[in-house]
**Q** 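Below is the structure I would like to discuss, written out as structure tokens.
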Amino acid sequence: MQYLVLSQLDVKLPSIKQMIDGSLNHFWKISYGQIYPTLKLLVDKGYASFQAKTQEGKPDKIEYYITPEGERTLKLWLQQPIQQLPTEKNELLLKLFFSRHQDLPTTLHHLDTYYEKLISRHRTYQGVKEMITTCLIDQEDAPFWIITIDYGLRVSQAAIDWCKDTKKSLLKQKED
């Protein structure tokens with residue numbers, strides 16, 4: 001029997017969110033409010049099972065396992081074609097779209113703040129990639145984890161470059 005992806009690293013249920021945020025957050029957002037209902041749904045549909053494990057001096061740990069039916073359903077889902085290109089909701093782009101209604105220093109401040117957050121995100125992705133390549137490279141899924149983290153690295157780098165170019169463009173417009 002294999003672990004369900006959510007418990008693959010043998011984590012306690014309360015830390016599933018942290019694991020998802022540390023590994024999937026650059027392309028798949030999930031809230032605490034989605035985790036428990038999703039796990040219940042997977043169990044109800046027969047795609048997963050669980051087992052409570054008693055721990056000495058700690059609360060019971062619940063481990064989730066993918067069932068053969070869950071494995072079949074996952075494989076079928078993986079074979080389905082991609083239906084759409086996701087639309088990004090980006091508050092900065094919305095504010096830039098309407099920026100003629102605000103002063104340039106405020107617009108530049110928004111860009112600078114966004115830039116710093118991108119730098120932080122990019123460093124996080126670099127750290128995740130480093131952890132995978134040094135500590136988890138023997139994992140069967142490691143090449144696929146690296147592929148997805150590379151996507152995050154490239155997208156964040158492109159956005160960093162865009163911020164620099166946009167700031168230059170706005171400053172040049174002011175001069176003209």
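What you see is a predicted model, and the numbers here were worked out from it, not measured in a lab.
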**Q** For the residue pair Thr106 and Gln102, what are the closest heavy atoms and their distance?
**A** CG2-OE1, 3.2 Å
**Q** Looking only at non-hydrogen atoms, find the nearest pair between Ser99 and Thr107 and report the distance.
**A** OG-OG1, 3.5 Å
**Q** Among Leu136, Thr133, Val128, Ile137, which residue satisfies the side-chain contact (heavy atoms from CB on, under 4.5 Å) criterion with Trp145?
**A** Leu136
**Q** Rounded to the nearest 0.5 Å, how far apart are NZ of Lys61 and NZ of Lys53?
**A** 7.0 Å
**Q** Give, for atom OG1 of Thr148 and atom CG of Leu153, the distance between the pair rounded to the nearest 0.5 Å.
**A** 10.0 Å
**Q** Could you go step by step and tell me if Tyr47 and Glu71 meet the side-chain contact (heavy atoms from CB on, under 4.5 Å) rule?
**A** CA-CA 7 Å; Tyr47 300 154; Glu71 187 80 31; over 6 Å; no
**Q** Kindly determine whether Arg72 and Glu69 satisfy salt bridge (charged side-chain N to carboxylate O under 4.0 Å, His left out), including the steps that lead there.
**A** CA-CA 5 Å; Arg72 280 190 294 280; Glu69 181 62 24; 2.8 Å; yes
**Q** Please answer whether the main-chain N or O of Asp165 pairs with a side-chain N or O of Ser169 as donor and acceptor at a distance below 3.5 Å.
**A** no
**Q** Run Leu39 and Ile62 through side-chain contact (heavy atoms from CB on, under 4.5 Å) and show every step you take.
**A** CA-CA 11 Å; Leu39 287 171; Ile62 300 174; over 6 Å; no
**Q** Where do Tyr125 and Ser156 come nearest, in terms of heavy atoms and distance?
**A** CD1-OG, 3.9 Å
**Q** How far apart are the closest heavy atoms of Glu140 and Pro143, and which atoms are they?
**A** O-CD, 3.5 Å
**Q** Partners of Lys45 by salt bridge (Lys or Arg N to Asp or Glu O under 4.0 Å), sequence neighbours excluded?
**A** none
**Q** Residues in salt bridge (Lys or Arg N to Asp or Glu O under 4.0 Å) with Lys167, at least two apart?
**A** Asp112
**Q** For Thr54 and Asp60, indicate whether the former's side chain and the latter's backbone hold a donor-acceptor pair under 3.5 Å.
**A** no
**Q** Determine, stepwise, if the pair Lys129 / Gln126 fulfils side-chain contact (heavy atoms from CB on, under 4.5 Å).
**A** CA-CA 5 Å; Lys129 186 174 182 179; Gln126 288 172 323; 5.8 Å; no
**Q** Report the C-alpha separation of Glu63 and Phe50 in whole Å, then their side-chain angles, then the decisive distance to 0.1 Å, and conclude whether the side-chain contact (heavy atoms from CB on, under 4.5 Å) test is met.
**A** CA-CA 5 Å; Glu63 293 182 347; Phe50 68 91; over 6 Å; no
**Q** Rounded to the nearest 0.5 Å, how far does OG1 of Thr113 lie from NE2 of His110?
**A** 8.0 Å
**Q** Strictly distance-based, threshold 3.5 Å: is any side-chain N or O of Gln83 a donor or acceptor partner for the main-chain N or O of Pro81?
**A** yes
**Q** Working to the nearest 0.5 angstrom, can you tell me the gap between Lys89 NZ and Glu91 CD?
**A** 10.0 Å
**Q** Under 4.0 Å between a Lys/Arg side-chain N and an Asp/Glu carboxylate O for Lys40 and Asp44?
**A** yes
**Q** Please go through Leu92's hydrophobic cluster and name the other residues, only I, L, V, M, F, W, Y counting, with side-chain heavy atoms under 4.5 Å joining them.
**A** Leu93, Leu96, Leu104, Leu108, Leu111, Tyr114, Tyr115, Leu118, Ile119, Ile160, Trp162, Leu170, Leu171
**Q** Does one side chain, of Glu88 or Asn90, offer a donor that lies under 3.5 Å from an acceptor on the other?
**A** yes
